[in-house]
Amino acid sequence: MQKSLWLILGLAVSLFTLPAKADSLQQFWEYQQYLELYPEQRSLVQRLTMAVRGEPVPIDKPNSEPVKISVIYPGEQVSDYWRRNITAFELRMQELGIAYQLTSVFTRPNQDHREQSKSLHDALSSQPDYLIFTLDTNRHSKFISHVLNQSDIKLILQNITTPVKAWDDNQPFLYVGFDHPTGSRTLAWYYQQQFPESGNYAMLYFSPGYISQARGDTFIAAMPEQYQLQSSYYTTADRESGRKAVEAMLNEDKPIDFIYACATDIALGAADALKAHGKQDIMLNGWGGGSAELEALANGELDVTVMRMNDDTGIAMAEAIKRDVLGLSSPTVYSGEFEIVSKHDDPEKIEQLKRYAFRYSNKQHD
């Protein structure tokens, strides 16, 4: 690997090459590892999974006092996962007959730290029953530790399904998302089918943090040694930095068969660069299979994605709160389901997947 190389691009966009650090995930339990360690969790996961897949069953008697819920999401991005998630959550809560009050704030990933800090402070001051947040950076981790130790607020951590080992005696109410390592290994398997003998590839990380580790480093670890990592770049988790990273990558003039992108916005920026340079023979994946990615697949701008059954996690949060309201136990962690989708798939297959994945959130988008 090359030594670290900082490229100052645009408005302080930092992209750099670096070696993967596979041991950076040792602070987390993997999803299946956690279920094996705590086998009683399996039956709770199964019950929640059945509820997510099934029709809503309203509670017999509405709660007299509405539950207070605060949501702070990095939803200001091309990926529509976060907004669809909260739409599915609210619609399911309404069908379950749970009275609630919800306040939500959407920020940009890897930015708006002051705004996010103020939003977190405001959320704690309002003393919600449930706080729905995420975990990607050390800043997030410190805040979560504070809430776990100093508050009765029940934390739902969205977009993470690997419980933190250090919190094992005092875990959040729920980790919920689509298991990043599972999705990344699925994409690793797909690329190995496309290049069965060997291949050269490049890595486009998210911003430094958990997502880059769980999606990027996991993918690298899953690729056998005959698949050579030629370049790797961190981005600032937006489309423009994805484009600039690929511009820099192409200038290195290394042999690249495919580019692994860790997130939607980065993948779309990479597609912009490949198209501009006439390099669309280089395969490129998305991650998540939201509306923008599926449109890019249909247009031939992406080759493949691992598609989340998007609304699963919004429904799961509502069903977990229902169980809590009724005094029933919920699992500590829940992961939704994936499907591999490529540009070669039958459009009708993709339409069927969309109808299921967006079964709630499309009601607002339509």
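All residue numbers refer to positions in the sequence shown, counting from 1. As the structure is a computational prediction, the values presented were derived from the model and not from experiment. The figures that follow rest on heavy atoms only: side chains count, while hydrogens, waters and symmetry mates do not.
For the residue pair E293 and A263, the shortest heavy atom distance occurs at OE2-C, 4.5 Å. Heavy-atom minimum distance, I282 versus D303: O-OD2, 4.0 Å. Scanning both residues, L297 and L302, for their nearest heavy atoms gives CD2-O, 3.3 Å. A292 and L268 get closest at one heavy-atom pair: CB-CD1, 4.0 Å. Listed here is the closest heavy atom pair of A270 and V246: CB-CG2, 3.5 Å. The nearest pair of heavy atoms linking S329 to R323 is O-NE, 2.6 Å.
Pairs passing the ring pair (Phe, Tyr, Trp, His ring centres under 6.0 Å) check and including a residue from residues 289-333, sequence neighbours excluded, do not occur. Within the structure, ring pair (Phe, Tyr, Trp, His ring centres under 6.0 Å) contacts touching residues 275-321 (residues at least two apart or in different chains) are H180-W287, W287-F338.
Ring geometry for Y260 versus F219: interplanar angle under 30°, hence parallel rather than tilted (30 to 60°). Between F178 and Y81, the ring-plane angle classifies as perpendicular under the 30° and 60° cut-offs.
Between the CD1 atom in I259 and the CG atom in N200 there is a gap of 12.0 Å [rounded to 0.5 Å]. Atom CD1 of I160 is separated from atom CD1 of I211 by 7.5 Å, given to the nearest 0.5 angstrom. L294 CG to E351 CD: the interatomic distance, rounded to the nearest 0.5 Å, is 8.5 Å. With values rounded to the nearest 0.5 angstrom, L48 atom CG is found 10.5 Å from K322 atom NZ. Atom CD1 of I321 and atom CD1 of I69 lie 4.0 Å apart (nearest 0.5 Å). Between the CH2 atom in W189 and the CD atom in Q194 there is a gap of 8.5 Å [rounded to 0.5 Å].
Under the 4.5 Å side-chain heavy-atom criterion for Ile, Leu, Val, Met, Phe, Trp and Tyr, L44 and V57 are members of distinct hydrophobic clusters. With hydrophobic clusters built from ILVMFWY side chains whose heavy atoms lie under 4.5 angstrom apart, L96 shares a cluster with V176.
Within the 4.5 Å cutoff, the side chain of K354 has heavy atoms near those of the M307 side chain. A heavy-atom distance below 4.5 Å is not found between the side chains of W29 and V333. When side chains are defined from C-beta on, P181 does not count as touching Y31, because their heavy atoms never get closer than 4.5 Å. Between Y201 and I220, some side-chain heavy-atom pair lies under the 4.5 Å cut-off. Between M317 and Y130 there is no side-chain heavy-atom pair separated by less than 4.5 Å. Looking at heavy atoms from C-beta onward, V164 lies in side-chain contact with L135 at the 4.5 angstrom threshold. In this structure, L131 and S70 have side chains that are in contact, with non-hydrogen atoms separated by less than 4.5 Å. Residues M283 and Y190 have side chains in contact (heavy-atom distance under 4.5 Å, counting atoms from C-beta outward).
Under the 3.5 Å distance criterion, the side-chain polar atoms of S43 are matched with a main-chain donor or acceptor of E40. Of the possible donor and acceptor atoms, none in the side chain of N299 sits under 3.5 Å from a partner among the backbone N and O of E301. K154 places no side-chain N or O within donor-acceptor distance of the main-chain N or O of F173, the cut-off being under 3.5 Å. One N or O on the side chain of T134 and one on the backbone of Q158 form a donor-acceptor pair closer than 3.5 Å. Checked by atom type and distance alone, the side chain of N63 pairs as donor or acceptor with a backbone atom of A99 at under 3.5 Å. No side-chain donor-acceptor contact under 3.5 Å links S241 to the backbone of T235.
Inspection of the Y191 and N285 side chains reveals an N or O donor paired with an N or O acceptor under 3.5 Å. Looking only at atom types and distance, the side chain of N362 has a donor-acceptor partner in the side chain of R84 under 3.5 Å away. Between the side chains of T332 and Y38, no donor-acceptor pair of N or O atoms lies under 3.5 Å. Looking only at atom types and distance, the side chain of Y205 has a donor-acceptor partner in the side chain of D217 under 3.5 Å away.
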- Task: Could you check K244 against E247 for salt bridge (Lys or Arg N to Asp or Glu O under 4.0 Å), going step by step and ending with a plain yes or no?
- Result: CA-CA 5 Å; K244 289 178 177 178; E247 294 273 1; over 6 Å; no

- Test log, rule side chain to side chain contact (heavy atoms under 4.5 Å, CB included), inputs D179 and T162: CA-CA 8 Å; D179 190 51; T162 50; 4.0 Å; yes

- Start with the C-alpha gap between M93 and V67, add the side-chain angles, then the distance that decides, and say whether side chain to side chain contact (heavy atoms under 4.5 Å, CB included) holds. CA-CA 11 Å; M93 288 284 284; V67 295; 4.3 Å; yes

- Message: Please determine whether side chain to side chain contact (heavy atoms under 4.5 Å, CB included) holds for the pair W167 and S141, giving the CA-CA distance in whole Å, both sets of side-chain angles, and the decisive distance to 0.1 Å.
- Response: CA-CA 10 Å; W167 300 336; S141 181; 3.7 Å; yes

- Query: Going through the distances and angles, do D345 and S342 end up as a side chain to side chain contact (heavy atoms under 4.5 Å, CB included)?
  - Reply: CA-CA 6 Å; D345 283 336; S342 83; 3.8 Å; yes

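Within the cation-pi definition used here (under 6.0 Å to the ring centroid, within 45° of the axis), R92 does not qualify as a partner of Y360.
A side chain to side chain donor-acceptor pair (under 3.5 Å) with S361 is found for one member of D311, N85, T87 and no other, namely D311.
By the neighbour-count criterion of 12 heavy atoms within 6.0 Å, atom CD of E197 is sparsely surrounded, having that number or fewer from other residues, nucleotides or ligands. Atom CG of N170 sits in a crowded spot, with more than 12 heavy atoms from other residues, nucleotides or ligands closer than 6.0 Å. For K275, the NZ atom counts as loosely surrounded, since its 6.0 Å shell holds 12 or fewer non-hydrogen atoms of other residues, nucleotides or ligands. Taking a 6.0 Å sphere around CD of Q94, one finds it holds more than 12 heavy atoms contributed by other residues, nucleotides or ligands. A 6.0 Å sphere centred on CD of E65 holds no more than 12 heavy atoms belonging to other residues, nucleotides or ligands.
Aromatic ring centres of F258 and F195 lie closer together than 6.0 Å. Between Y34 and Y175, a ring centre-to-centre spacing not shorter than 6.0 Å is recorded.
A salt bridge does not link K68 to D129: none of the charged side-chain nitrogens sits closer than 4.0 Å to a carboxylate oxygen. Using a cut-off of 4.0 Å between Lys/Arg side-chain N and Asp/Glu carboxylate O, R359 and E55 are scored as not salt-bridged.
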